[in-house]
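I have placed the structure first, in the form of structure tokens, so that the comments after it can refer back to it.
Quantities reported herein were computed from a predicted structural model and do not represent experimental measurements. A, B, ... follow the sequence lines: proteins, then strands. Residue 1 opens every chain.
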Protein chains: 2
Amino acid sequence: MTIKVIIVDDQAMVRAGFAALLAAQSDIDVVGEAPDGREGVEVSRRAHPDVVLMDVRMPEMDGLEAARQLLDPPRGVIHRPKVLMLTTFDVDDYVYEALRAGASGFLLKDAPPADLISAVRVVAAGEALLAPSVTRRLIADFARQRPAPRRDGPSARRSGLTPRETEVLELIARGLSNQEIAESLVLAEQTVKTHIGRVLAKLGLRDRAQAVIFAYESGLVTPGQ
Amino acid sequence: MTIKVIIVDDQAMVRAGFAALLAAQSDIDVVGEAPDGREGVEVSRRAHPDVVLMDVRMPEMDGLEAARQLLDPPRGVIHRPKVLMLTTFDVDDYVYEALRAGASGFLLKDAPPADLISAVRVVAAGEALLAPSVTRRLIADFARQRPAPRRDGPSARRSGLTPRETEVLELIARGLSNQEIAESLVLAEQTVKTHIGRVLAKLGLRDRAQAVIFAYESGLVTPGQ
DNA sequence: CATACGATGAGCCGCATGGGTGATGTACTG
DNA sequence: CAGTACATCACCCATGCGGCTCATCGTATG
């Protein structure tokens, strides 16, 4: 079973080069080409390739938008190819946009030909592959978002909040008013105010809005569920 | 300049195989081996390799803990090698733990020898590299956490906020008071209050604390930097 | 036993905040 | 040209919120 590939790039020379390189592989067929995103989407709809090699920067419709359309097809379109993004420079925003859109890979055009070929095979197999510099960024991003479990626990950052204070802070970060917090914890509203006052003082915050920010930034609460 | 590598794996056979494979490269020197995490850390401290090949599952101290110790060294230890994790099976938890700890790569032991060699070079160069199946998971995770901007834009979620209102909302989410927002945007405080009033009304929120929550939950602002 | 800390709550005070209404100027669009 | 959307600002008002002080009651901790 051969891997059907189309190549979308505004430079004819690049298309020709990649086409020649890939077509020389017995397990890869180049079944189409296009010079911009719009035509790329059309060609893909007709030729339903397994893999779309997509340049990022193109006239008419850039590779990111084209990738989005291919990966989130309108009702009625069943075909959903794997998309392998290509770029000359490696620019953060492009990478993240592409990955968000569901691209299966991101390579720099200066990668060794062998890498491109194996990338096509990897992507066709349903796996994913990134340029090493991109991988590094993605990992860094991942690690930054979820820092390693601090050995002293998250409480360390919360500079000596008592359990009750932490509890109150969390309810603030859920958007409750003082009165609602009081009801929720079965307390007098005044008690809640005392707790909040201490929380703000200990953390050096001005108001509950800043407390909410702190709760998110410190990981006490996290976005999305 | 050769790349100094140590190999940490509890199976002598595996160590021997990898050592032979890598030592055959003119630009790679194997400067040490260890059968478990604890000894691996010791050997690394003495031999200060550029790259540590680290098995995940080992007696005494597993590869994850060893990686953590190498990548977050105690005061006084300056050397900080790159860590390339190896595993026989690819298990999610291991991968995420390792990446959180700051590992530069994650390969399956059944990868082609050429991949291992190039992985060592990539990692030594400060870049990163993952097994394709791992890459796929990381991307999926990434895309899931930050879903692609719907084609009608993130503003759709913000239910028709005007650009100015969005701007004000963002400053609220940075913890600024009305007066500070006014100064920041060169406006009268009353104007700021009008904008905020509209934001709260359009989004169905009660106060600025809830506005901060919304800003985080909608992705207008994100934790961490 | 004395001390300290955490949790609870009261009273008071002042201001930032949020709601409501209305007005003006600009810019775009049908 | 009329209609609409947006940004700007003013005035008024009620109150939620945060600052400050003080008091009581447990429970550890020395």
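Residues passing the side chain to side chain contact (heavy atoms under 4.5 Å, CB included) test with A:Glu39 are A:Ala34, A:Pro35, A:Asp36, sequence neighbours excluded. Residues satisfying the side chain to side chain contact (heavy atoms under 4.5 Å, CB included) test with B:Leu200, not counting sequence neighbours, are B:Ile196, B:Leu205, B:Ala211.
Under a cut-off of 6.0 angstrom, the local environment of CZ in B:Arg164 is crowded, with over 12 non-hydrogen atoms contributed by other residues, nucleotides or ligands.
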Practice problem: Heavy atoms under 4.0 Å is the rule here; annotate nucleotides 4-17 of chain D 5' to 3' with B where the base is hit, S where only the sugar-phosphate is, and - elsewhere. | Solution: --SSBBBB-----B
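Salt-bridge check for A:Glu170 with A:Arg174: passed, with a basic side-chain N closer than 4.0 Å to an acidic carboxylate O. Ionic pairing of A:Glu97 and A:Arg68 is present here: one or more N-O contacts between side-chain nitrogen and carboxylate oxygen are shorter than 4.0 angstrom.
Atom pair B:Ile181:CD1 and C:dG18:C1' shows a separation of 13 Å (rounding to whole Å applied). Separating the CD atom of A:Glu183 from the P atom of C:dG9 is a distance of 13 Å, rounded to the nearest angstrom.
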